[in-house]
Amino acid sequence: MNFKALTATIALIAAAPVVALAGGADDDTLVLNGEVEMTTKAAAPAHMADTYVDEIISGWHFRADETQALQMDDFENQGMIFVDDGLATWETVEGSEGKSCASCHESPDSMKGVAATYPKWNEDAGELRTVQMQMNDCRVNRMGAAPWKYDAKVAINVEAMIASQSRGMPVDVQIDGPVKAAWEQGKELYYTRTGILELSCASCHEENYGNYIRADHLSQGQINGFPTYRLKNAKLNGVHSRFKGCVRDTRAETYSPGSEEFIALELYVKSRGNGLSVEGPSVRN
Amino acid sequence: MKLTTIICAAAFAAGAANAADVVAPSDASFTEYGEIEQSLTGVPGNPEEGMKVAIDKGLGNCVACHKIAQLPDVPFHGEVGPELSWTGEVRSEAELRGILANAKMMFPDTVMPAFYKTSGFIRPGNGYTGKAAEGDIEPILSAQQIEDVVAFLMTLKES
């Protein structure tokens, strides 16, 4: 028996307990409030043809049943409490112009589709904008109010309120034309192995989704569910803060929320979810 | 008894190698298969210590990625790498030393981190702070900790 055969045989003997442990994505169906059926699995978008991934899967499928249930009902989803806070902020007049978000946009449902298509190119400004950048542009230039700090609680709550208007709509961010360079930069960052542990986003979320890394069940690291309400810290969490946490875990120097790098990475990661339903605010552990 | 032998014996008794005998990360020499044949310290590894290093989240944290059946009391073994429960039967010390020091020498592109390496990183951080590393980068494990983990892995056999 050669060495390979030996290892293979032993692996076979041991396969049962290992497989029993392995989670993968489950086959549950996410129906919101008993009404809206969400697309939580879809064919990978064409730009992912050169990856291992042929099916994109929402992070919801990698969470425990109890956590999943919390997201299925708005009365159980504690993220919705923060959406209410966001709604109050939406209607609050601030700044030198005596305006609130509602003064210009009226009802929150005017925000339908925003979470599905951002980060998005802004022609007038000639820049790629995340939802938070657009909110700050409105605050500074239309309301005469101070910009919010990136991923500040108040900003995330309003972002979640905006996301909730698109729930069930497919993520559909543009990746070419004027945003092409940023998208390429984001892709480069996604595959760069950083830190003393030399891990990239792909090391965990492309090569190993479905596997446990210690107690954590690795998902594809999709952001269709952001902002996410995490049971761990009992608040809504922003995309860039999540990126920062993951990069820190590679024992690397992180980028900052709101940085050019994280804006580019947000576009790229979001585009890997093109076709999944917007779920924000989702519930995660 | 020669002086060096005495020093070695003393160092062994204390469970630590004489700094002068330690092979620095940059001096570790790999075979073409990615093995390191020579001990990094000259001091035999201590399997008990190696086991502690393997489960410590701040040190080896090997169980984050590998299942080790011999450690049923340690919660949450990962699935990212192959199970190590029979490693002592199928791998040599030289192979294990090489895999631990820098697994990419044997498995190109593997996700397994290099535990005895101090250069060539992109944006190295200061531990898990998210801040930039300052000064010289220390390897994740010391030379003796590598030897200890190798000794521990050699005890992993199917019973």
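Order of the sequence lines fixes the chain letters, A, B, ..., with proteins taken first and strands second; residue numbering starts at 1 for each chain.
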B:Gln38 atom CD, neighbour heavy-atom count above 12 within 6.0 Å: no
Closest non-hydrogen atom pair between B:Tyr128 and A:Arg248, with its separation: O-CD, 3.0 Å
Heavy atoms from other residues, nucleotides or ligands near CG of B:Asp136 exceed 12 (cutoff 6.0 Å): no
Interface residues of residues 48-60 of chain B facing chain A - non-hydrogen atoms under 4.5 Å apart: B:Ile55, B:Lys57, B:Gly58
When A:Thr192, A:Ile196, A:Leu197, A:Leu199 are compared by non-hydrogen pairs under 4.5 Å with chain B, the top option: A:Ile196
Could you pull out every donor-acceptor pair under 3.5 Å between side chains of residues 97-125 of chain B and any protein atom, sequence neighbours left out?
from	atom 1	to	atom 2	distance (Å)
B:Arg97	NE	B:Glu147	OE1	3.4
B:Arg97	NE	B:Glu147	OE2	2.8
B:Arg97	NH1	B:Ile36	O	2.9
B:Arg97	NH1	B:Glu37	O	3.2
B:Arg97	NH2	B:Glu147	OE1	3.2
B:Asn102	OD1	B:Lys104	N	3.1
B:Lys104	NZ	A:Glu198	OE1	3.2
B:Lys104	NZ	B:Met112	O	3.4
B:Thr110	OG1	B:Met112	N	3.3
B:Tyr116	OH	B:Val23	O	2.6
B:Lys117	NZ	A:Glu198	OE1	3.3
B:Lys117	NZ	A:Glu198	OE2	2.8
B:Arg123	NE	A:Glu253	O	3.1
B:Arg123	NH2	A:Thr254	O	3.2

B:Pro75 portion near chain A, given a 4.5 angstrom heavy-atom threshold: backbone
OH (A:Tyr191) with more than 12 external heavy atoms under 6.0 Å: yes
CZ (A:Arg193) with more than 12 external heavy atoms under 6.0 Å: yes
Among B:Gly127, B:Cys65, B:Ala133, residue most engaged with chain A (heavy-atom pairs, under 4.5 Å): B:Gly127
Option in B:Ile140, B:Thr129, B:Val80, B:Val63 with maximal non-hydrogen atom pairs under 4.5 Å from chain A: B:Val80
